[in-house]
Amino acid sequence: MSKKRGLSVEEKRTRMMEIFFETKDVFQLKDLEKIAPKEKGITSMSVKEILQSLVDDAMVDTERIGTSNYFWAFPSKALHARKRKLESLETQSSEGVQKKKALQQSIEKAKIGRQDTEERAALAKELAALRQQKEQLQSEVEKYKECDPDVVEEIRQANKIAKEAVNRWTDNIFSVKSWAKRKFGFEESKIDKTFGIPEDFDYID
């Protein structure tokens, strides 16, 4: 028989939160190390690590009373935490869209033959940074996908808007390159090298 697949980190985090939400109780670490394996299939050795990750993400509260640490989490607080996270991601996405618009305006004003290759290289660098930001936002979506489907869908829509903005910017660059080839007879490789456009520059799928 095939070996049973272990729980992923996100599955463990979700199940740990279920313990708090279902009981609405306060626990010590030793309590959770007994309950989690029995009721949620989380190995006792990983309980502390999973619990700490939830504390770090402000999904679980903790307080030291005397010599003991106590942990708790209530659904209302978790919902507010996810909403704050969504608002933060939406703000980042909105700022990214505004930056792309500004870059798009800059590239439209740029003319082939001007001695401003450093500026064009800076624009390409900024585009790479924005793409990296988009990837980080997608990672955040994956991190919270098992916590709140509605929140995830809203974040996905924000990412879709950001991706469309990047692709419009990319389309403008291709248009400028095409215009330069027709107008001045430049080779595409020469244009790429002159203005710092990477070889793998393309639309985002």
Side-chain angles (χ1 to χ4, degrees), residues 1-97 99 128-166 200 204-205:
M1 295 178 66
S2 60
K3 186 176 180 181
K4 185 178 179 180
R5 182 182 69 87
L7 297 174
S8 68
V9 172
E10 284 306 318
E11 287 172 333
K12 291 177 182 178
R13 282 165 56 94
T14 299
R15 294 191 182 192
M16 183 71 73
M17 292 303 296
E18 288 175 357
I19 295 175
F20 290 108
F21 292 167
E22 291 169 359
T23 63
K24 297 182 177 63
D25 204 350
V26 178
F27 301 93
Q28 289 182 275
L29 175 60
K30 63 182 180 180
D31 299 323
L32 292 169
E33 288 176 335
K34 293 178 182 178
I35 296 171
K38 184 183 302 183
E39 297 186 6
K40 298 298 180 180
I42 305 172
T43 59
S44 58
M45 294 177 58
S46 63
V47 169
K48 184 176 181 180
E49 179 183 355
I50 296 301
L51 185 60
Q52 186 59 51
S53 74
L54 293 171
V55 170
D56 292 341
D57 288 342
M59 296 176 68
V60 171
D61 290 313
T62 183
E63 185 73 33
R64 187 174 184 84
I65 302 176
T67 59
S68 301
N69 289 320
Y70 292 86
F71 301 89
W72 69 92
F74 301 115
S76 59
K77 183 179 186 300
L79 176 61
H80 290 313
R82 288 194 293 271
K83 285 184 176 179
R84 286 196 299 272
K85 188 66 177 180
L86 173 61
E87 290 172 357
S88 175
L89 291 173
E90 287 179 335
T91 298
Q92 293 178 44
S93 180
S94 177
E95 290 175 351
V97 170
K99 288 182 180 179
L130 290 169
R131 282 179 166 170
Q132 183 178 5
Q133 181 187 43
K134 177 179 175 293
E135 291 175 357
Q136 291 174 346
L137 290 173
Q138 287 179 322
S139 296
E140 289 293 325
V141 169
E142 293 303 316
K143 182 178 179 181
Y144 285 87
K145 69 179 180 180
E146 295 185 19
C147 295
D148 193 329
D150 292 336
V151 171
V152 171
E153 181 58 29
E154 292 182 25
I155 296 174
R156 288 189 189 281
Q157 290 301 318
N159 280 337
K160 180 180 178 181
I161 293 172
K163 184 178 76 171
E164 290 174 351
V166 170
D200 60 351
I204 296 176
D205 295 329

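All heavy atoms count here, side chains included; hydrogens, waters and symmetry mates do not.
A pairwise comparison of heavy atoms in Q92 and Q133 identifies O-NE2, 3.7 Å as the closest pair. F21 and K24 make their closest contact through O-NZ, 3.3 Å (heavy atoms, listed as atom of the first residue, atom of the second, distance). Minimum heavy-atom separation, K12 to T43: NZ-OG1, 4.4 Å. Listed here is the closest heavy atom pair of S44 and P37: N-CG, 3.7 Å. Of all the heavy atoms in I42 and M16, the pair that sits closest is CD1-N, 3.9 Å.
Of the possible donor and acceptor atoms, one in the side chain of E11 sits under 3.5 Å from a partner among the backbone N and O of S8. Remark: the backbone N or O of L89 is not paired with any side-chain donor or acceptor of S93 at under 3.5 angstrom. When atom types are taken as modelled, the side chain of T62 and the backbone of F71 share no donor-acceptor pair closer than 3.5 angstrom.
For the atom pair CD of E10 and OG of S53, the computed distance is 7.5 Å after rounding to the nearest 0.5 Å. To the nearest 0.5 Å, the span separating OH on Y70 from CG on D25 amounts to 11.5 Å. If you take CD on Q52 and CG on D57, they are separated by 10.0 Å, rounding to the nearest 0.5 Å.
Salt bridge status for R15 with E18: absent, with no side-chain N to carboxylate O gap under 4.0 Å.
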Check: side-chain contact (heavy atoms from CB on, under 4.5 Å) between E22 and K40: does it pass, once the steps are laid out?
Finding: CA-CA 12 Å; E22 291 169 359; K40 298 298 180 180; 3.2 Å; yes
Check: For V9 and E49, what are the C-alpha separation, side-chain angles and deciding distance, and is it a side-chain contact (heavy atoms from CB on, under 4.5 Å)?
Finding: CA-CA 10 Å; V9 172; E49 179 183 355; 5.8 Å; no
Donor-acceptor pairs under 3.5 angstrom involving side-chain atoms of residues 27-34: please list them, not counting sequence neighbours.
residue: Q28; atom: NE2; partner: S68; partner atom: OG; Å: 3.1
residue: D31; atom: OD2; partner: Q28; partner atom: N; Å: 3.0

